[in-house]
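A short write-up of the structure that comes next.
Naming convention: chains lettered A, B, ... in sequence-line order (proteins, then strands); numbering from 1 in each chain. Owing to the predicted nature of the structure, the values given are computational and were not obtained by experimental measurement.
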Number of protein chains: 2
Amino acid sequence: MQRYQVLTQNEIEKIHENSLHIMEKIGIKITYEPAREIFAKHGAKVDGDKVYFPRTLVEEAIKLSPSSFTLYARDPKNNVEITTEKTAYVGPYGSPFVTDLDKGRRDAKLEDFVNIVKICDKLENIDIQSHISCETTDIAVAKRPTTMVYNTIKYSTKPFMGSVYGYKNARETIELAAIAFGGLDEIKKRPVMASIPCTLTPLSYDDNQLGAIIAYAETGQAQLINSLSIAGMTTPVTVAGLVSLQNAEVLAGIVLAQCVNPGTPVVYSASGSGAEMSSGVLAIGSPEDAIISLVNGQLAKYYQIPCRISGALSDSKMMDSQAAYESAITLMMAQMAGGNFILHSAGIIETYNCTSFEKLIVDNEIIGYMKYINRGVEVNEDTLAFDAIEEVGPQGTFLVHDHTLDYFRDELYRPTLSNRKTYEQWKADGALPIEQVANKKWKDILASYQEPALSSEVDARMKKYMESL
Amino acid sequence: MQRYQVLTQNEIEKIHENSLHIMEKIGIKITYEPAREIFAKHGAKVDGDKVYFPRTLVEEAIKLSPSSFTLYARDPKNNVEITTEKTAYVGPYGSPFVTDLDKGRRDAKLEDFVNIVKICDKLENIDIQSHISCETTDIAVAKRPTTMVYNTIKYSTKPFMGSVYGYKNARETIELAAIAFGGLDEIKKRPVMASIPCTLTPLSYDDNQLGAIIAYAETGQAQLINSLSIAGMTTPVTVAGLVSLQNAEVLAGIVLAQCVNPGTPVVYSASGSGAEMSSGVLAIGSPEDAIISLVNGQLAKYYQIPCRISGALSDSKMMDSQAAYESAITLMMAQMAGGNFILHSAGIIETYNCTSFEKLIVDNEIIGYMKYINRGVEVNEDTLAFDAIEEVGPQGTFLVHDHTLDYFRDELYRPTLSNRKTYEQWKADGALPIEQVANKKWKDILASYQEPALSSEVDARMKKYMESL
């Protein structure tokens, strides 16, 4: 299906050239010595904490980045192909708070984390588990990455994401996962997890994130090299300037990954938003975010690298109509931008700060709409249906015609949540707003959830590894 | 900005050919004698109540239909250009019920009608008033069309729509409007209203609608020749078949309008949806509707005729998250389809049956997001901002840079409704769901509404005309 392209190829090339110019002339600030050494060894000019990238180094890294790879799942039917053409939907990432209609907004805890993993495991439109499905504030910070990876593997058979808290932590989550997937050598050939190291905008990288990039590249695990910007604060307020700057940052991270391990799977990842200039509060469920996503998607296609686009975003403080329309718009734009890895696909409200259990269910339905639209339309002699139209004739009905019986199961969307009943039926059912229907649905999922099998030997080894840290 | 095209040009041509084949071989059922006479006079084959259209007659009508025209408003700053490139947003049409958070769902009355007209007059993103902004169930049926047109002219200076209840009623609303716009001869040159005559799917037309088409064409007023279909009931369940059938119907109406008055302004209008096959209940806020809109938009572009796409649709029974995500998706698709006249742009819930006052406000905000996205992105040396990026450098801030000060007012979206505050601010403000904020906003609009000037002489003549009917 055609993508929605906001810029011409010539304009995309201008942004690309601007980014190369930024990388070569302004440079990226890198304080992490191991990264500086790698860059210098591959021909970048390192001057103090500034790294300047020659064009050829960047172009080579773009060429080395694969256009497709597979994330292998504990249950092979859940393997996910990440390509420049397909779209994978990923759970919520990073909220310190969770909320639901029963208990309200609260600090996120391990119990909430496990429940989100279980729900995402059962949601038909979520393909990949997040890493920080929510923060586990009741777990010691140092133990969180492995605790989260362990619980994600235990409660779900979908692929998942891993830690970016520095080289050591990243490496530990990879080694932990390796136990469940046949060892490090095995997962080097068949990546099982993806991380999302972030830039420090503008034009810099935190040491921990660079360490994580190196750890993932060494072990051949996938990573989303990500820049998140705030227009007019961390980047120029103009979209062209913002995207140029982000692109320079993302390309620098891709260069590092490809220097460490040529051909290692990377995903181009960038998102940017406006902010209230008076307060500095970020606005992510916004048309600014949507249009920046369109441009980022086009850039990634230009590089022929799969791209992550941020998805169902909202600045609303609760699961209300604002949360719904902002998520529908940003999710739709993520798909139209050609997003191949949509994070966050479900749950996020309150400008990344909170995950709503009801919104997991609402966003899962919105993705269903997107997937249906994305199928496109088949035009052939049979679907054109001239014969059926002739047989039914003016003022007839197609309801009982064979053509309808042959096609309706496939042609019509089947809602997972939306109410399509009459007003009278809806009233007889209790006149529920859809948020309350969503509330019942996630509770039903948890009530009927059954833990997938995990060999007790693997489980014991994972636990032992975690204790050894 | 590029449109989102779901079919290839070759596939569009296949649908076009299928439609011509349907018109020529299967025919359209027409019982209205004046229409049959016009068709026969222009070379169609009339056999009983069936009219068969030769290809040349259809192709000629397509050529005669203008690619752009202006709808003239009482206040010239509200004139709206309808072209194949621009998008006009139109109020809600036809609901027998209205609802709001204070009074709940009820039969729509003239008071509600007037309030909707006043609100749409003040909403920054609504360009054109509807005709049946809601039903006026407390007014005698025969008097409704003129009552609605009179009250729309009186309470708004935006362009508006007119009646399709048969030739006589249509003509009366046109003559009534003519009083306010300098007479029939004047509005023949400068159309002031648009109607939406509908087909009787499949492959037929009700007499009243054909009468209206003739009345609007005779007086040079605009009309949206419209087909509304239900997949698997009134048309084939396959999108290609559904659209082929609708297209045949719409083209037949366009032929009639162009036979009556060559060059008269018409808008290509079609929408189609799925239904619950078990209950037969239509589902309009659906991905089926969205994808059918994309194809209809492409067909209209192929004909170079402005198109109406249905917009902010929902099957939800209240202003909740379902109403919001369905409206955001269908509205966004209407715009991506290249819709030039988006009806219904605001307010509709409950599968056309009800207009929500709060949803008028919510949809107005969604349109704001769409308009921002539709502006596209400017790429030039100044917006690429290399110099600003160099001056700010790694880890700096753009907040106080001149480049930000020059651009932020234009680059950042200013919400008309959405909450972009922090959680704490929102809580301090009462922790309101957005539906309650919307409730306050429409009441504020009505409280501060001031009636536009209308000459007492024109007002008296309009009243006298209505009494004479």
Side-chain angles (χ1 to χ4, degrees), chain A residues 2 4-6 11 14 18 26 29 203-204 232-233 236-241 244-245 274 276-277 283 287 290-291 315 317 320-322 324-325 328-329 332 362 366 369 372-373 376-377 379 383-385 388-390 394-395 398-399 403-404 407-408 411-413 418 420 423 426 433-435, chain B residues 2 4-6 11 14 18 26 29 203-204 232-233 236-241 244-245 274 276-277 283 287 290-291 315 317 320-322 324-325 328-329 332 362 366 369 372-373 376-377 379 383-385 388-390 394-395 398-399 403-404 407-408 411-413 418 420 423 426 433-435:
Chain A
Q2 200 198 29
Y4 195 58
Q5 297 183 306
V6 69
E11 288 169 327
K14 278 187 186 160
N18 199 32
I26 305 176
K29 183 173 172 180
L203 300 179
S204 182
M233 298 199 173
V237 76
T238 50
V239 173
S244 297
L245 187 153
E276 287 294 298
M277 294 304 278
I291 200 129
D315 302 305
K317 314 304 174 274
D320 63 357
S321 294
Q322 180 183 343
Y325 64 72
I329 290 169
M332 193 160 217
V362 167
I366 297 175
Y369 282 42
Y372 176 92
I373 293 168
V377 172
V379 179
T383 61
L384 283 166
I389 293 170
E390 188 164 43
Q395 296 184 10
F398 291 80
L399 189 55
H403 188 268
T404 305
Y407 279 102
F408 83 89
E411 285 284 321
L412 299 177
Y413 178 71
S418 305
R420 288 185 167 186
Y423 177 81
W426 171 78
I434 208 72
E435 297 81 6
Chain B
Q2 200 196 30
Y4 194 61
Q5 297 184 303
V6 68
E11 288 169 327
K14 277 187 185 161
N18 199 31
I26 305 174
K29 184 174 171 180
L203 301 179
S204 182
M233 298 199 173
V237 76
T238 51
V239 173
S244 298
L245 187 152
E276 287 294 297
M277 293 305 277
I291 200 129
D315 303 306
K317 313 304 174 275
D320 63 356
S321 294
Q322 180 183 342
Y325 65 71
I329 291 169
M332 192 160 217
V362 167
I366 297 174
Y369 282 41
Y372 176 92
I373 293 168
V377 173
V379 179
T383 60
L384 283 166
I389 293 170
E390 188 164 43
Q395 295 184 9
F398 290 79
L399 189 55
H403 189 269
T404 305
Y407 279 103
F408 82 90
E411 284 284 322
L412 299 177
Y413 177 71
S418 304
R420 286 183 168 188
Y423 178 80
W426 171 77
I434 208 72
E435 297 81 6

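Interface residue B/M332: only side-chain heavy atoms are found under 4.5 Å from chain A. For A/T383, the parts lying near chain B are the backbone and the side chain together; criterion is any non-hydrogen pair under 4.5 Å.
Per-residue heavy-atom pair counts under 4.5 Å with chain A were compared for B/A290, B/A388, B/S418, and the maximum is reached by B/S418. Your options are A/S244, A/P287, A/A328, and the one with the most heavy-atom pairs under 4.5 Å with chain B is A/P287. Contact count versus chain B (heavy atoms, under 4.5 Å) is highest, among A/D315, A/I329, A/I366, A/V362, for A/I329. Ranked by heavy-atom pairs under 4.5 Å with chain A, the list B/A283, B/A324, B/A385, B/P236 is led by B/P236. Chain B forms more heavy-atom pairs under 4.5 Å with one residue of A/E411, A/E435, A/K14 than with any other, namely A/E411.
Once rounded to the nearest 0.5 Å, the distance linking CG of A/L245 with CZ of B/F398 reads 5.5 Å. To the nearest 0.5 angstrom, A/E390 atom CD is 5.0 Å from B/I26 atom CD1.
Nearest heavy-atom pair, B/G376 versus A/V6, reported as atom, atom and distance to 0.1 Å: CA-CG2, 3.8 Å. Taking all atoms of both residues into account, the shortest heavy-atom contact from B/Y423 to A/K317 is N-CE, 3.8 Å.
With B/N18 contributing its side chain and A/L384 its backbone, the two residues share a donor-acceptor pair below 3.5 Å. A donor-acceptor pair is defined here as one N or O able to donate and one able to accept, closer than 3.5 Å; such a pair exists between the side chain of A/D320 and the backbone of B/I434.
Scored by the side-chain contact (heavy atoms from CB on, under 4.5 Å) test, A/K29 finds A/T31, A/D49, A/S204, B/P394, B/Q395 as partners (sequence neighbours excluded). For B/L412, the side-chain contact (heavy atoms from CB on, under 4.5 Å) partners are A/A231, A/V237, A/M277, A/E288, B/F408, not counting sequence neighbours.
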